[in-house]
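Below: the structure, in structure tokens.
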Amino acid sequence: MCGIIGMVARSPVNQAIYDGLTVLQHRGQDAAGIITCEGGRLHLRKNNGLVRDVFHTRHMLRLYGNMGIGHVRYPTAGCESSAEAQPFYVNSPYGISLAHNGNLTNSDKLKQELFQDDLRQINTDSDSEILLNVLAHELQQQGKLKMKVDDVFSAVAGVHKRCQGAYAAVAMITGYGVVAFRDPFGIRPLVFGKQESPQGTNYMMASESVALDGLGYELVRDVAPGEAVFITLDGQLHTRQCAENPLVKPCIFEYVYLARPDSIIDDVSVYKARLRMGEKLADKIRRVRPDHDIDVVIPIPDTSRTSALQLANNLGLKYREGFIKNRYIGRTFIMPGQQQRKKSVRQKLNAIDLEFNGKNVLLVDDSIVRGTTSSQIIEMAREAGAKKVYFASAAPPVRFPNVYGIDMPNSDELIAHGRTDEEVCREIGADWLLFQDLEDLIEAVRKGRPDIDGFDDSVFTGNYITGDIDENYLNILQSSRSDAAKDERRNNDDEVIDMYNSA
């Protein structure tokens, strides 16, 4: 997952994009970038690090212009060097820059086509650069010195025909405007909003509605699957469906973990969806553990709080905050490397002994992925004096890799892969373990939205909605995205830096 923003306004956008990216920082903590346009001139700043570390006053002062796009990166495919930070840029045609959230599943085929047929060179391992070049080629095929609005939509239609997988993107066309588009399944989220100013209407596109809220923008709606939204430099809004058979099938893990609870995704409140997840979990405890002896419900902060509170209320149990979080430690799920994740759990959380001592505790988390966090937190609860430690997951067991932009690459790194629930329970050290049923999760998210055609639930089921994923693809993905492979690339990057510094 990554966070993207696009803006066309009647005044400079540098500070607004910066502020929006800080709101989306939970979607990526590896790198950040902003590119703005002033007339025919582009101004770019990007690097590895958090938003606050990448952009200093001297950088912000140079980001001139009333139009721009921004990105926060969470690495999946490719390496983790600053060369892979977004936005990316190509100069032909017109000068196009792009920021992308998701993952293309046919990137190798596209890369070959771009080189052999389109005569375009890809300089990184990022599929976002591939997406940019496909868009650029489709625009170039229009063969016009001056671009029209219809040309943008024709180009996006060409992207949909060639690209497979998940992509929510914002692209800035120098001197023309910003276009936002979403894959025909709508796997990754994308919204747009507006703000009235004395000079006219300002427009903003973003991965989540909270970015709009934080800047005082009114949410207009989601960008529909397959749709393109084009804002011209003079502030005119144009929209068109560019895919032949679009379906609304968003990633259900957005509602479980990735998105902020105060976001609205595909017209579903993430907060309300998580409340319903807690209700469903409470119902399941009544069914399978009617004689439970739970004394207190404690969430594992932050994502599970909403579900845990609703579960406790539904069962008439005490709800307590038993862990204090160090907010200066990032989200352990998206940290590179198993050793770093293990180290960070103890640094991130500290138990309040009096909430555990002598009690039977039910810990509630949004999901269990690698099991690293879960097992260490259960151990912390026991060290704090808990008599028994039970564990409930607001999501079903994560048993399969994600191929659409979430770093769940290696089946062997997923604790539930190839294991029964009882075996997972033993592995993490709980007295008993409860997973949400998939049907209940879907009902919790889908309630009140019958127009949602389905969900990408591949991490739970192994069913990939794009229909192009086979065992060979997963094996290749595993070899390139496992922790061991990432460590090797990281070491190679360090060697190159050392050679450069010693030269």
Side-chain angles (χ1 to χ4, degrees), residues 1-2 4 6 69 71 73 76-78 84 86-90 93 96-142 151-173 178-190 205 207 223-230 240-251 402-406 456 458 464-470 473 476-477 480:
M1 64 180 185
C2 297
I4 59 175
I69 62 176
H71 185 269
R73 184 183 72 179
T76 50
E84 307 250 326
Q86 298 184 41
F88 286 114
Y89 167 78
V90 290
I96 306 172
S97 48
L98 177 139
H100 163 226
N101 174 31
N103 183 58
L104 301 183
T105 54
N106 64 336
S107 56
D108 289 344
K109 177 175 178 287
L110 288 170
K111 189 172 184 177
Q112 186 176 16
E113 289 177 359
L114 286 166
F115 181 73
Q116 293 181 345
D117 302 331
D118 303 346
L119 306 180
R120 287 180 172 270
Q121 175 66 35
I122 303 301
N123 195 48
T124 70
D125 293 326
S126 173
D127 60 336
S128 303
E129 188 187 8
I130 293 173
L131 180 63
L132 167 60
N133 275 273
V134 172
L135 175 65
H137 176 76
E138 294 300 321
L139 265 175
Q140 197 160 28
Q141 289 296 96
Q142 310 300 313
D151 299 328
V152 176
F153 293 135
S154 296
V156 174
V159 169
H160 290 330
K161 289 175 182 176
R162 295 181 65 179
C163 295
Q164 296 175 329
Y167 49 94
V170 288
M172 182 170 65
I173 307 170
V178 174
V179 59
F181 57 95
R182 200 173 172 203
D183 71 75
F185 291 97
I187 298 172
R188 301 263 73 86
L190 189 60
M205 307 92 150
S207 293
V223 177
E227 183 184 29
V229 175
F230 183 43
R240 186 176 301 176
Q241 177 55 252
C242 299
E244 294 179 356
N245 297 296
L247 294 170
V248 185
K249 291 193 172 184
C251 171
N402 183 279
V403 301
Y404 300 126
I406 308 174
D456 164 42
S458 53
Y464 297 96
I465 60 175
T466 53
D468 59 336
I469 305 303
D470 56 21
Y473 181 92
I476 294 172
L477 197 71
S480 65

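Basis for what follows: all heavy atoms, side chains included, without hydrogens, waters or symmetry-related copies.
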Given side chain to side chain contact (heavy atoms under 4.5 Å, CB included), test V403 with S458 step by step and report yes or no.
CA-CA 9 Å; V403 301; S458 53; 5.7 Å; no
To the nearest 0.5 Å, atom CD of Q112 lies from atom CG of L114 at 10.5 Å
CZ of F230 to CZ of R240, rounded to nearest 0.5 Å, is 11.5 Å
Exercise. Say whether, by atom type as modelled, one donor and one acceptor occur between the side chain of N106 and the main chain of Q164 under 3.5 angstrom.
Key: yes
* Does the side chain of I130 come within less than 4.5 Å of L104's, by heavy atoms? -> yes
- Does a side chain donor of either E129 or T124 reach within less than 3.5 Å of an acceptor in the other side chain? yes
When rounded to the nearest 0.5 Å, the distance separating NE2 of H71 from CG of L98 is 9.0 Å
Here the pair of heavy atoms bringing G158 nearest to E138 is CA-OE1, 3.7 Å
So CG of L119 and CD of Q140: to nearest 0.5 Å the spacing works out to 9.5 Å
Side-chain donor or acceptor of Q241 paired with backbone N/O of A243 under 3.5 Å
yes
Any I187 side-chain heavy atom under 4.5 Å of T466 side chain: yes
| request: Determine yes or no for a side-chain-to-main-chain donor-acceptor pair under 3.5 angstrom, with S207 supplying the side chain and I4 the backbone. | output: yes
- [ ] Measure from the side-chain N and O atoms of N402 to the backbone N and O of G405, and report whether any donor-acceptor pair falls under 3.5 Å.
- [x] yes
Would you say the ring centers of Y167 and H160 fall short of 6.0 Å from each other?
yes
Next on the checklist: Do H100 and D127 make a side-chain contact, defined as non-hydrogen atoms from C-beta onward lying under 4.5 Å apart?
Outcome noted: yes
With the threshold set at 4.0 Å, does a side-chain nitrogen-carboxylate oxygen contact exist between K249 and D183? no
Residues A180 and L190: closest non-hydrogen pair is CB-CD2, 3.9 Å
Any side-chain heavy-atom pair of Y404 and I465 under 4.5 Å
yes
Could you check whether any side-chain heavy atom of C242 comes within less than 4.5 Å of a side-chain heavy atom of F181, counting everything from C-beta outward? no
Worksheet entry | Heavy-atom side-chain contact between S97 and I69 under 4.5 Å | yes
_A side-chain contact here means heavy atoms from C-beta on lying under 4.5 Å apart; do I122 and F115 qualify?_
no
task: Mind running salt bridge (Lys or Arg N to Asp or Glu O under 4.0 Å) on E113 and R162 for me, showing each step along the way?
output: CA-CA 10 Å; E113 289 177 359; R162 295 181 65 179; 3.3 Å; yes
Smallest heavy-atom separation, A136 atom then I96 atom, equals CA-CD1, 3.8 Å
Interatomic distance, CD@E84 vs CG@D125, rounded to 0.5 Å, equals 5.5 Å
Heavy atoms of C163 and V134 approach each other most closely as SG-CG1, 4.0 Å
query: Does some side-chain heavy atom of I406 sit less than 4.5 Å from a side-chain heavy atom of C251?
result: yes
Heavy atoms of R188 and R182 approach each other most closely as O-NE, 2.7 Å
Looking only at heavy atoms, the pair that brings A155 and Q142 closest together is N-NE2, 4.2 Å
- Start with the C-alpha distance between M205 and V223, add both sets of side-chain angles, then the distance that settles side chain to side chain contact (heavy atoms under 4.5 Å, CB included), and finish with yes or no. CA-CA 9 Å; M205 307 92 150; V223 177; 5.6 Å; no
